[in-house]
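Here is the structure we will look at, set down as structure tokens.
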There are 2 protein chains.
Amino acid sequence: MEEPRAVTIHDVATRAGVAVSSVSRALSSHPDVSPAMKAKVFAAAEELGYTPDPGAQSLRSGFTRTIGFVVRDFANPFFGDIIHGVEEALNDAGYTLLVTNSSGDPGREVDRLTLLRQRKVDALLLSSISEASTRTSKAVAGFTRPVVLIDRDPRKLKAGSVLLDHAQGVRDATADLIALGHRRIAMITGSTAIRPTRERLRGYTEAFEAAGIPIDEALQAPGAFSAAFARETTERLLALPPAERPTAIVAGGVQTTIGVLEAFSELGLRPGDDVSLVVCDDLPWLRVMRPRLSVVTRDAEEMGRQAAGLALELIKGGEPRSVTLPTAYEVRETSRPVSV
Amino acid sequence: MEEPRAVTIHDVATRAGVAVSSVSRALSSHPDVSPAMKAKVFAAAEELGYTPDPGAQSLRSGFTRTIGFVVRDFANPFFGDIIHGVEEALNDAGYTLLVTNSSGDPGREVDRLTLLRQRKVDALLLSSISEASTRTSKAVAGFTRPVVLIDRDPRKLKAGSVLLDHAQGVRDATADLIALGHRRIAMITGSTAIRPTRERLRGYTEAFEAAGIPIDEALQAPGAFSAAFARETTERLLALPPAERPTAIVAGGVQTTIGVLEAFSELGLRPGDDVSLVVCDDLPWLRVMRPRLSVVTRDAEEMGRQAAGLALELIKGGEPRSVTLPTAYEVRETSRPVSV
DNA sequence: AGCTCGGGTGGAAATGATTCCATTCTTGCG
DNA sequence: CGCAAGAATGGAATCATTTCCACCCGAGCT
């Protein structure tokens, strides 16, 4: 119960026989401090096992050495990997990560943002629910500290960003399916309110244009990032008459993938047999799925590391910039020639 | 760039024409404060849009309204769900969650613990890598604030705990397999250094004892929580001569499940056909696996909520106690009669 | 030699809140 | 009617640190 009164900078000063201000300077490697003083102070600090109080430091300096991150969903392994990468890079730099969860609720998102501002985080990482939300934009614009967006368009925001080149991977995947003879390729994705969906649709469109083949608009199905939506859409499309029914499907996002797979098994279809399937976002459990799904991969941990790096760069006064990481189409077992 | 000088308690005091101390009392609903004063202060605070500075508050009071949580692995959806539950309950109570990741490295775990202590979290949630680690125990014992363990034995630690009744689910599963005629049932789990593994082994053993059937020690294979270990073990066991080879497998944990499934598909086996399979920890993607695996389920989010509740209870001065949540065996498609 | 410049140091203010203590003002009771 | 008790308030100390400012002193210049 009895809190054992931590050792303060004052104790170190007394021990070393110098002033508190000198201790502070010595420890924070201020230019104007003699080697002798530095040695004395370090010795005393060492003996007493002194560690500065982050609370007091931040009260005075205004900086918390903490970086905030608002994610949509903790349980999504994609974010798990990103967070992992962020934390790793941040800890190396002596920063702490404060992650928080919007649960996909815009109101809660704004709420979490204001919390982080109150807590005076030195920078903000954000992968917002919707790029169109005015409330979120306002909350972000209210930040006086650096902001880094994860896989979101900076738009008017003066923010750094780490982006994925979704278009690349999806373009390659679509082109491959076209080469395999597919013409009716469905694109099932989440909300166009965020960049990944738009980019995937762009890659899809570009592949068709490059091949000089017209696109069947009815087979582009953006909507919501939920398994339920993806499942319903897939079931609807696969129920179309043979002449309109897609022979291949490209699915974007983790939840979408799950929904599409639910639909397949509901209809008793095996991916790759009648209908080819390419999914985005590689995941650990895809390794144990049979058949092995063709996939558009990306390095989520690297995204996290890059985001952390950008944030630290901005804190040091750098100008906001954008980093784009590649995605890659990886053929496995469910990209098959169209069955005639 | 120019930080817009936040409004302080002093500004509110001036605005309301009262003393700072009165503002503090009014806002923290101190008993000795007149309704008139309270009204004045609230009005002024409202007009100025005052929010107290958490840093300053914690410097003075010693409490941060923050709770720390050290997990082994962010990307594991099991922890994702727990964190989700914790955060939900904590936010409702006006607390903030500070999650951090040990990546399964004991040194890093100790490191993260000391970080949280420095940051003066009001309570600590911990799901340690090993219950046997002296360094971790010491670091935890060094906490003067309440500690709640997640699915770990408190042992000598004076800590609250949220436990899962793993034994129950595994006992039911094993009993069912025995009833289906299985005698050689393998138990593939992680390290016995943590409670879940020990409890699962206990459930397994009890089921055999209840049936009066001797256990083949060679089929109990605890080891490490990694897909690689589980995979190798599974392949080794399934390569045994027919008379010794297990006819059913119970797998514990997420990584273990993945490893076992890898082994199955490597060997070209379908779970449930030749070898029955029950896995622990229900996961979203198990819904899309075919065949649908029989599973021992549990409510991870509820664990999180309970843990948060316990922590808040301890902060208020309650005595450490233990909460146990059930697990349940759910038959799906891979608990089959032994094939003769 | 005297003066300036600047490196090195100590003292004290400031950061934004809580809380103790003293003070004032009622009010009730003898 | 006077006095004590207690409610309500203000002032100041406190939390642990950073940073501004003043000071001292030695070196270099005129």
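Quick caveat, the model's predicted, so the values are computed rather than measured.
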Do B:Val99 and B:Phe74 have side chains that approach each other closer than 4.5 Å (heavy atoms only, starting at C-beta)?
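Heavy-atom side-chain distance check passes, below 4.5 Å.
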Under 3.5 Å, is there any donor-acceptor pair linking the side chain of B:Arg60 to the base of C:dT18?
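Present.
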Is any N or O donor-acceptor pair between the side chain of A:Ser34 and the base of C:dG8 shorter than 3.5 Å?
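Result: no qualifying N/O pair found.
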What is the separation between atom [atom1] on [X] and atom [atom2] on [N], rounded to the nearest whole Å?
X	N	atom1	atom2	answer
A:Lys38	C:dT9	NZ	P	12 Å
A:His10	C:dA12	NE2	P	11 Å
B:Asp11	C:dT15	CG	C1'	13 Å
A:His30	C:dG8	NE2	P	10 Å
A:Arg65	D:dT17	CZ	P	15 Å
A:Asp53	D:dT14	CG	C1'	14 Å
A:Phe63	D:dT19	CZ	C1'	14 Å

Minimal non-hydrogen separation, A:Phe69 against A:Ile83, with atom names:
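Shortest heavy-atom contact: CE2-CG1, 3.9 Å.
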Could you pick out which residue, B:Lys120 or B:Pro35, lies toward the 5' side of DNA chain D when each is mapped onto its nearest nucleotide?
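Mapping each residue to its closest nucleotide by heavy atoms, the 5'-most match is B:Pro35.
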B:Lys40 or A:Val20, whichever maps to the more 5' nucleotide of DNA chain D
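With B:Lys40 and A:Val20 compared, the 5'-side residue is B:Lys40.
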Within less than 4.0 Å of OP1 or OP2 of D:dA16, is there a side-chain N or O belonging to A:Gln57?
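So the side-chain polar atoms of A:Gln57 never come under 4.0 Å of the phosphate oxygens OP1 or OP2 of D:dA16.
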For D:dT18 and A:Ser24 - does any side-chain N or O of the residue sit under 4.0 Å from the phosphate oxygens OP1/OP2?
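Yes, because at least one side-chain N or O of A:Ser24 sits under 4.0 Å from OP1 or OP2 of D:dT18.
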Considering only [options], which nucleotide approaches the side chain of [X] most closely?
X	options	answer
A:Ser21	C:dA17, C:dA12, D:dC15	C:dA12
B:Ala19	C:dT9, D:dG10, C:dA17	D:dG10
A:Ile9	C:dC21, D:dT18, C:dA17	D:dT18
A:Met37	C:dA17, D:dA16, C:dG10	C:dG10
B:Asp32	C:dG10, C:dA17, D:dT9	D:dT9
A:Thr8	D:dT17, C:dT19, C:dG16	D:dT17

Using a 6.0 Å distance limit plus a 45 degree cone around the ring axis, check whether A:Arg145 lies over the aromatic ring of A:Phe63.
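Judged by the rule, A:Arg145 and A:Phe63 form a cation-pi pair.
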SB check A:Lys316 A:Glu313 (cutoff 4.0 Å)
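No salt bridge links A:Lys316 with A:Glu313.
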5' priority, DNA chain C, between B:Arg25 and B:Leu59 [closest heavy atom]
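This one resolves to B:Leu59.
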B:Asp53 and salt bridge (Lys or Arg N to Asp or Glu O under 4.0 Å): which single residue from A:Arg60, A:Arg119, A:Lys120 fits?
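Output: one option passes, namely A:Lys120.
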